[in-house]
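Structure first, commentary second.
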Amino acid sequence: MATVALVGTLDTKGTEYAWLRERLREHGCEVVLVDVGVLEPPGDAPDADVPADIVARAAGHDLAALRAAGDRGAAVAAMAEGAAEVVGEMHRTGVLHAVLAAAGSGGSSIAAQAMRALPIGVPKLLVSTMAGGDVAPYVDSSDLTLMYSVVDIAGINSVSRRVLGNAVAAVAGMAAAYEKETTDGAGRKVVAATMFGVTTPAVDAARARLTALGYEVLVFHATGAGGRAVEKLAADGLLDGVLDLTTTELADELVGGVLSAGPDRLTAAGAAGVPQVIAPGALDMVNFGPEATVPARFADRRLLLHNPTVTLMRTTRDEMRVLGTELGRKAGEAAGPAEVFWPLRGVSAVDVAGGPFEDAAADAAGLAAVRATGVRLHEIDAHINDPAFAVAMADRLHALITPTGDPA
């Protein structure tokens with residue numbers, strides 16, 4: 001039987017959570033009610049399976065002390081941390097198949113943090129009054145599902161009954177499917193590949209090769225969110241390998257472009273010991289929006305209008321040197337096998353002989369910087385989009401994942 005964790009503030013929404021629990025049981029789910037409220041619940045609130053004091057203690061806090069301090073912000077942060085620990089432990093012990101919450105702003109921030117702590121693939125549904133606005137802080141790079149509550153989470157009425165009823169039905173179905181999937185087994189090995197428009201031919205060729213070798217290949221658009229998603233999947237233990245062919249997000253983080261994946265890009269797979277092969281795909285460019293949005297300090301730089309909403313800026317020799325050092329350093333610090341592949345004839349579709357971003361000196365500076373780090377380096381006399389380069393990366397990743405197996 002699938003188990004759903006109900007994460008909610010019973011000090012303010014006990015009636016609603018009692019209703020949600022009964023509906024989930026009607027759908028055949030086991031329910032674990034987790035109280036993340038700070039105040040004492042009213043007498044008619046349902047009994048929690050995981051009371052608030054245990055949630056606070058899971059994060060190293062004392063509930064009585066949180067109440068006495070009277071700092072709501074600190075209390076919400078503490079309960080969010082504790083909720084993440086509680087549901088994380090449930091997942092690690094195999095007794096969690098989905099999480100459901102219904103909340104306003106404070107409860108949503110607590111529940112969302114708990115949900116984001118779970119691996120991608122675990123069903124997570126948050127019914128929130130905040131879902132009609134900017135939801136990036138709640139979702140980030142997780143697969144959290146948001147449903148707008150329409151009315152406030154304040155009693156069960158003709159509208160909330162339908163909205164919350166749909167949420168219950170949805171999460172019950174997701175939980176059942178997740179339970180079946182985890183019971184039946186994982187199936188094929190999974191590889192993540194990073195792609196940009198200017199590296200698409202390479203990723204397509206690598207994906208075809210890895211698919212023929214029996215892998216499931218997940219492709220991520222390297223637009224910041226894509227890179228963060230790869231990092232989370234690796235950290236969650238859901239990847240058997242990473243073909244990080246497109247590392248352009250590093251350039252945006254360094255120079256100030258709009259598609260940065262943050263300073264931790266290219267670290268999670270290494271920390272988890274996941275085999276990875278890495279290339280400088282699209283490191284020749286920093287990404288901005290329409291040309292008018294490019295910061296004035298870059299007025300004298302080489303720009304390319306990729307389309308009406310995207311402007312590219314060529315990275316300089318000095319920037320490529322820094323990026324090469326970072327690429328090599330992060331690969332060298334990996335706990336598992338990590339190797340760098342460098343295409344000697346260009347790192348993107350526009351970095352070709354006679355192309356708008358051709359800059360052999362800048363590319364050479366990046367390569368020299370990688371070489372100086374001492375990381376395992378493959379210098380391939382090909383353009384990044386040549387099939388031979390892509391297949392070489394794919395075959396090497398296969399060998400790293402399956403050391404005793406030779407590429408077919």
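- When atom types are taken as modelled, the side chain of Asp351 and the backbone of Gly346 share no donor-acceptor pair closer than 3.5 angstrom.
- Listed for the Asp252 side chain is a donor-acceptor partner under 3.5 Å among the backbone atoms of Leu259.
- The residues Arg228 and Glu231 are annotated as not salt-bridged, no charged nitrogen and carboxylate oxygen being separated by less than 4.0 angstrom.
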Side chain to side chain contact (heavy atoms under 4.5 Å, CB included) assessment of Leu250 paired with Glu326: CA-CA 9 Å; Leu250 298 177; Glu326 184 175 12; 4.1 Å; yes
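- For the pair Arg265 and Glu253, the salt-bridge criterion is not met [side-chain N within less than 4.0 Å of a carboxylate O].
- Salt bridge Lys13/Glu16: absent, no basic N to carboxylate O contact under 4.0 Å.
- Side chains of Ser105 and Ser108: no donor on one and acceptor on the other come within 3.5 Å.
- Side-chain N/O atoms of Asp284 and Ser348 include a donor and acceptor closer than 3.5 Å.
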Pair Glu30, Arg25 - check salt bridge (charged side-chain N to carboxylate O under 4.0 Å, His left out), show working. CA-CA 6 Å; Glu30 292 280 358; Arg25 287 172 174 170; over 6 Å; no
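- The 12-atom threshold is exceeded at CD of Glu22, counting heavy atoms of other residues, nucleotides or ligands nearer than 6.0 Å.
- A side-chain donor-acceptor contact under 3.5 Å links Lys232 to the backbone of Arg116.
- Counting only distance, with no hydrogens or angles, the side chain of Thr248 and the backbone of Ala282 share a donor-acceptor pair below 3.5 Å.
- Taking CE of Met313 as the start and CZ of Phe298 as the end, the distance is 4.0 Å to the nearest 0.5 Å.
- Other residues, nucleotides and ligands contribute at most 12 non-hydrogen atoms within 6.0 Å of the CZ atom of Arg317.
- Side-chain atoms of Thr129 and Ser149 include no donor-acceptor pair closer than 3.5 Å.
- Taking the six-membered ring wherever Trp is involved, the centroid distance between the rings of His221 and Phe196 falls below 6.0 Å.
- A salt bridge between Glu216 and Lys189 is absent, with no side-chain N of the basic residue lying under 4.0 Å from a carboxylate O of the acidic one.
- Defined by atom type and a distance below 3.5 Å, a donor-acceptor pair is present between the side-chain atoms of Ser160 and Asn157.
- Rounded to the nearest 0.5 angstrom, Ile278 CD1 and His378 NE2 are separated by 10.5 Å.
- Surrounding CG of Asn166 are more than 12 heavy atoms belonging to other residues, nucleotides or ligands, all under 6.0 Å away.
- Residues satisfying the salt bridge (charged side-chain N to carboxylate O under 4.0 Å, His left out) criterion with Asp240, sequence neighbours excluded, are absent altogether.
- For the pair Arg23 and Trp19, the cation sits on the ring face: its NZ or CZ lies under 6.0 Å from the ring centre, inside 45° of the axis.
- At a threshold of 4.0 Å, the pair Glu319-Arg301 counts as salt-bridged, since one of the basic side-chain nitrogens sits closer than that to a carboxylate oxygen.
- Within a 6.0 Å radius of CZ in Arg162, other residues, nucleotides and ligands contribute 12 heavy atoms or fewer.
- With Asp35 contributing its side chain and Ala48 its backbone, the two residues share no donor-acceptor pair below 3.5 Å.
- The residues Asp62 and Arg57 are annotated as not salt-bridged, no charged nitrogen and carboxylate oxygen being separated by less than 4.0 angstrom.
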